[in-house]
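Computed from a predicted structure; not experimentally measured.
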There are 2 protein chains.
Amino acid sequence: MSGPQRPPVLADVAERAGVSAMTVSRVLNGTANVAEATRTRVEQAVADLGYRANTAARTLAGGRSRTLGVVGVETPYYGPSSVVFAIEAAARASGHAVSLVSLQRTDAAEMRAALDRLRLAHADGVVVLAPISAAVDAVADLPPDVPHVIASADPTAGLATVAIDQAAGARLATRHLLDLGHRTVHHVRGPRSWIDAGARASAWRRELRDAGRPVGHCVTGDWSPHSGYEAGRRLAADPDVTAVFAANDQMALGVLRALHEAGRKVPDDVSVVGFDDTPESAYYEPPLTTVRQDLREVGRRSVELVLAIIAGDAAEQHASVAPELVVRGSTAPPP
Amino acid sequence: MSGPQRPPVLADVAERAGVSAMTVSRVLNGTANVAEATRTRVEQAVADLGYRANTAARTLAGGRSRTLGVVGVETPYYGPSSVVFAIEAAARASGHAVSLVSLQRTDAAEMRAALDRLRLAHADGVVVLAPISAAVDAVADLPPDVPHVIASADPTAGLATVAIDQAAGARLATRHLLDLGHRTVHHVRGPRSWIDAGARASAWRRELRDAGRPVGHCVTGDWSPHSGYEAGRRLAADPDVTAVFAANDQMALGVLRALHEAGRKVPDDVSVVGFDDTPESAYYEPPLTTVRQDLREVGRRSVELVLAIIAGDAAEQHASVAPELVVRGSTAPPP
DNA sequence: CGCTGCCATGGTAGCGCTAACATGTAGACC
DNA sequence: GGTCTACATGTTAGCGCTACCATGGCAGCG
């Protein structure tokens, strides 16, 4: 009867091209030397047959799976999905599949279990999304069985990391407000356990010190708009406050509302800067000046780095993605 | 010297337990009958050696990979990440790994390529997150090579689906407003191409018709707060408008702002209901009455259904998750 | 001209597991 | 007691691919 119901295998390609299976394998993997004519013939046969290499067999025989693992931390605040999707896109571009594992908690045991699952899935490398210090610590404690990269963490000795340059972003925000003429800047920071929150807060403080300015109030929130609102009420009560830097856009939203209720106009009386550039922030009232993080770039660079580590030619263990200040309507010179 | 550097394989377990490799395999897979004593001995050997079955070998020899594929559509509005994470959690609970592929566009070619990639990854089954009609159509056109389930789509002939019962949610919202005494309800709907938007809009209309009420205005937004704001300005201009049902919380936020600016108090003058119950909505001013979608449950049920289809004992091709009305401060009887 | 060395290719032997069949044992029933 | 059946287990043969070593051919060289 008709053609093969069963998908073609390597041997079929070999037969059609009139070469051995080994030669086909070499062409497919680009290893060793193959004569130009032979290579062309094999590639033609592959195309004719619509051959696709069997991943399981490749993994079993060769040890490599062309799969990257991603460990995601499940949280309603952080936007890990864009990083995950960016990782997937970058991995796809390099011919890798993506295996996903998520963490309910971020203790060492869960992290260990997650990495174990990815080893079971034969992941060639792993990208860990670890916005919380405890998660980084958990990874640091693990033996590096599988090459891994931590995304969104500060450069740490012994760990490969990729992150938004939080310090640069926080300094951009603070400097922008100082440049407008504000005497100092007050800060609504994120929770203690979050790496990014700490990085933003200390860079804010450093920028003020470097500029020889008094350091403003620092109120701790939990990333939620509500916590921003609470912080905003406290800051609104102080007439000296003319500039606020909130560690994320959601808290900035809360600050905006609190200031509005207190009758202090933004940006005429008080300027507000956020961090993240969420899709909503351009529609806030007024549109929010904020620091844009290119999370897609973080994903891309993470894949790049983990592939370099796998290949054994990672020149640099840390990659940093520059954030960008987006000036909108919530900042102006002080009254 | 010391123990095996190489991780233990099935043969090691067999030897230690004093049985054949096949028997170990049977114990591991729970297939066929194994004497109780033998099973215990094998399990002990597995535990002693810390044996983990090799996924690649299992897949190659058995055809099953214990991997589920997820096709995600990348969009800033929909919250697919919670569904993805829920799928991962459910898959993990059933002993499956998760392979992720994302779509930049939602045409048939991209969808085909995505499913092809997952077939290459030997996915036993696939869950497609397809909030846009075009994506569903693309799947419907494909041969069902691999068992698949569409999440967040209306029940469609020939396709297995799991979805929030959008109609029930929209009716809950509408009925709540009618029950409070409003004469009719106006609607800010989502974009045409989105399945959920259409489902919510027609259920809103149906509920009003069933109640014998006049059908209010229906304004189309794009899910963004800005579009909600625009819609809200139009509705605010009409003094007869006392109740608005927005198809998502972000647009509801825009409506709230527009009403506020127009000097119409919420909920005293106008009641507003959203849809989604995002983490922020409880912190809006006033806190938003909305329809909660249990997206985690959608993920869980999707995995359940696709596993049932794989096993060949799917009693029902469609699963529906009931939404829930969350009454907060944005709704009250009409003035 | 015979040796070395490199290149292109082939053969063989698994990687670790499971499907399919084969075997052996014990009880059931006439 | 013998055949039948059911169950517990073993044996064999791959799944599709790649590592490793072997082979043959040909240029370079003294």
*Spell out protein contact along nucleotides 16-26 of chain D as letters: B when the base is contacted, S when just the sugar-phosphate is, - when no protein heavy atom is under 4.0 Å; keep the 5' to 3' order.*
BBSBB------
_Can you give me the closest heavy-atom contact between I310(B) and P147(B), atom names plus distance?_
CG1-CG, 3.9 Å
*Take the protein atom NE2 of H122(B) and the nucleotide atom P of dC17(C), then report the distance between them rounded to whole Å.*
17 Å
*Answer yes or no: is there an ion pair linking R66(A) with D124(A), defined by an N-O contact shorter than 4.0 Å?*
no
*Indicate whether any N or O donor in one side chain lies under 3.5 Å from an N or O acceptor in the other, for T59(B) and H122(B).*
no
*Decide, yes or no, whether a salt bridge links R92(B) with E88(B) under the criterion of side-chain N to carboxylate O below 4.0 Å.*
yes
_Check the phosphate of dG10(D) against T23(B), side-chain N and O only, distance under 4.0 Å to OP1 or OP2. Yes or no?_
yes
*Do other residues, nucleotides or ligands put more than 12 heavy atoms under 6.0 Å from the CD atom of E15(B)?*
no
_Check the phosphate of dC15(D) against T59(B), side-chain N and O only, distance under 4.0 Å to OP1 or OP2. Yes or no?_
no
